[in-house]
Number of protein chains: 2
Amino acid sequence: MQYLKIMEAINEQIDAGLLSGGHKLPAERKLAESFSTTRVTLRESLALLEAEGKLYREDRRGWFVSPDPLRYDPTYTTDFPAMAKAQGRTPRSELLSAKRVPASRRAASLLNVKPLTEVYRIDRLRFLDERPVVVVTNFISPRHFPDLFKHNITDSLTSTYREQYGVIYSKTQFRVRSTSLMADTAHHLRATSGTPAMFVERINYDQHGNLIDCDLEYWRHDAILIESTATI
Amino acid sequence: MQYLKIMEAINEQIDAGLLSGGHKLPAERKLAESFSTTRVTLRESLALLEAEGKLYREDRRGWFVSPDPLRYDPTYTTDFPAMAKAQGRTPRSELLSAKRVPASRRAASLLNVKPLTEVYRIDRLRFLDERPVVVVTNFISPRHFPDLFKHNITDSLTSTYREQYGVIYSKTQFRVRSTSLMADTAHHLRATSGTPAMFVERINYDQHGNLIDCDLEYWRHDAILIESTATI
DNA sequence: TAGTGGTCTAGACCACTCA
DNA sequence: GAGTGGTCTAGACCACTAG
């Protein structure tokens, strides 16, 4: 189990702080040579460190040391930009697409509307310190938000809801599942298909108990730490 | 990207219900042959399905189709046996060890005591339908639970706390992180080092606000779906 | 354009599981 | 004891990134 030894060796260097967040590792062929092994075995070690959340990979760009994860409280509705800044990180968001679509089966079930009802669909890509970390899809009931696309929908829907429509989140249902990235989602995150991911699904209600919208979030799994407190 | 095609082919069979939870796949060499490829490539596909949570592996035993995950509400303090039964599953717990130990740095920090303070440490392995799914370590402040080991500490600490000591959970802090299994933990779960895992850490308080204990849980990542509702 | 990571081949040996 | 999965070797070609 040579790959475990290699893994430990790299791990030690990370823990010792010799390699810090965002640092790029040497080329695979060079690492393989310096550990006297083949690329296949070396990649096994790297994949393990990726699974553990110590390293991440950018497609065809190489291996990097993972920065500290963002602490994320799904019960708390601070928006992404605020949350990131509060933790000393630099957030950025890109709008991938915003359109009105007939609700897919999944979206209809989450929003509790009939399939094919027209809903807003917003896709965004969010960055932490210029690293893409999450792809977010929102399905939104248009009934509560006429002309939503006339406002800022890129940075924080939470803020737009509040400032433009007087709608405030008051209840949220969430699910968290471990999975992997595929196709487009992987590509936006500069990842290859199969990269480990955290999937977070939320359904949000306003102060009157109305179902407002839902999020489907695919996070690079090393970039997020779910953290919350519950009083029973 | 042959491995994606193989992945889809297997995926379809699972979704079509041809292969259901717990079903064992044919030998790797046979699968490789039937897809006209080598074991290395075939294993790449299987690993992807593992990352996605569709398949799991038991060390040297082969590949299996993942059963539905257990829905787990970290804010709700139903004990494991009750939660499993409520979802139509058969739970079982094994005591791996129970001892008094000087608190490790991590344990001391979680329990908010001085390092090396003596605490209880209980390690357990829990099964769903005879599949090992989670290794749980509890660190417990002995102050609140004299002679704890005289009672049932295998099945449900929650019940023992309540019935023997009148202690009821009233607040819980939790963290969820995606990681991988290593060494002993992997072995107990019949997994190899590096298998994807969900790590759940909880700190629990009683009805008077006293810090009671903490859990460190390593779940097979396909066996758990975190699910909760929060009112803000 | 040079070098990199992504993918794939065709083997091999070993320790272990299971019948 | 046969067959399995776990690990490893020593290559190869390609599409892409980075300079």
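In what follows, every chain begins at residue 1, and chains take the letters A, B, ... in the order their sequences are listed.
- Taking every side-chain heavy atom of B/Glu44 into account, C/dT7 is the closest of C/dG5, C/dT7, D/dT9.
- As rounded to whole Å, 16 Å separates atom C1' of D/dT9 from atom CZ of A/Arg43.
- Computed from coordinates, the B/Leu31 CG to D/dG3 C1' distance equals 15 Å when rounded to whole Å.
- Side chain of A/Asn152 to backbone of A/Asp155: a donor-acceptor contact under 3.5 angstrom is found.
- Rounding to whole angstrom units, CG of residue B/Leu46 and P of D/dT4 are separated by 14 Å.
- Rounded to an integer number of Å, the gap from B/Arg57 CZ to C/dC16 P is 17 Å.
- Distance, B/Ile6 CD1 to C/dT7 P: 12 Å, rounded to whole Å.
- With distances taken from any side-chain atom of A/Val40 to the nucleotides D/dT9, C/dG6, D/dG6, the minimum falls on D/dT9.
- Note: CG (B/Leu25) to C1' (D/dT4) measures 14 Å, nearest angstrom.
- Here C/dG6 is the nucleotide among D/dG6, C/dG6, D/dA10 with the atom lying nearest to any side-chain atom of A/Thr192.
- Computed from coordinates, the A/Phe35 CZ to D/dC8 C1' distance equals 17 Å when rounded to whole Å.
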*What string of B, S and - do you get for nucleotides 12-19 of chain D 5' to 3' if you count protein non-hydrogen atoms under 4.0 Å?*
BB-BSSS-
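- Counting only residues at least two apart or in different chains, salt bridge (charged side-chain N to carboxylate O under 4.0 Å, His left out) contacts with residues 64-74 of chain B comprise B/Arg71-B/Glu227.
- Taking 4.0 Å as the cut-off between side-chain N and carboxylate O, B/Arg121 and B/Asp123 count as a salt-bridged pair.
- With hydrogens and angles ignored, the 3.5 Å screen pairs no side-chain donor or acceptor of B/Thr37 with any backbone N or O of B/Glu33.
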*Do A/Arg177 and B/Asp222 pass the salt bridge (Lys or Arg N to Asp or Glu O under 4.0 Å) test, and can you show the C-alpha distance, the side-chain angles, and the key distance before you say yes or no?*
CA-CA 8 Å; A/Arg177 198 162 58 79; B/Asp222 62 315; over 6 Å; no
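- Taking only side-chain nitrogens and oxygens, A/Gln2 comes nearer than 4.0 Å to OP1 or OP2 of D/dC8.
- Note on A/Thr37: every side-chain N or O is 4.0 Å or more away from OP1 and OP2 of D/dC8.
- The phosphate of D/dC8 (OP1 or OP2) has no side-chain N or O of A/Tyr3 nearer than 4.0 angstrom.
- Comparing C/dT9, D/dT4, D/dG6 by their nearest atom to the side chain of B/Ala27 picks out D/dT4.
- Residue A/Thr38 places its side chain closer to D/dA10 than to any other of C/dG6, D/dA10, D/dT7.
- Panel note: side chain B/Ser66, backbone B/Gly53; a donor-acceptor pair is recorded below 3.5 Å.
- Judged by distance alone, the side chain of A/Asn204 and the main-chain N or O of A/Thr172 form no donor-acceptor pair under 3.5 Å.
- Checked against D/dT7, C/dG5, D/dT4, the side chain of B/Lys30 finds its nearest nucleotide in D/dT4.
- Remark: C1' of C/dT9 and CD of B/Glu33 are 16 Å apart, rounded to the nearest angstrom.
- Remark: A/Arg106 engages A/Glu201 in a salt bridge, criterion side-chain N to carboxylate O under 4.0 Å.
- The pair B/Lys30-B/Glu28 fails the salt-bridge criterion, with no side-chain N (NZ, NE, NH1 or NH2) lying under 4.0 Å from an Asp/Glu carboxylate O.
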_Bracket notation of DNA chain D in which parentheses pair within the strand, [ ] cross earlier pairs, and | pairs with another strand (Watson-Crick or G-U, under 3.5 Å)_ = ||||||||||||||||||.
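- Looking at A/His188, its side chain never comes within 3.5 Å of a backbone N or O of A/Leu125 through a donor-acceptor pair.
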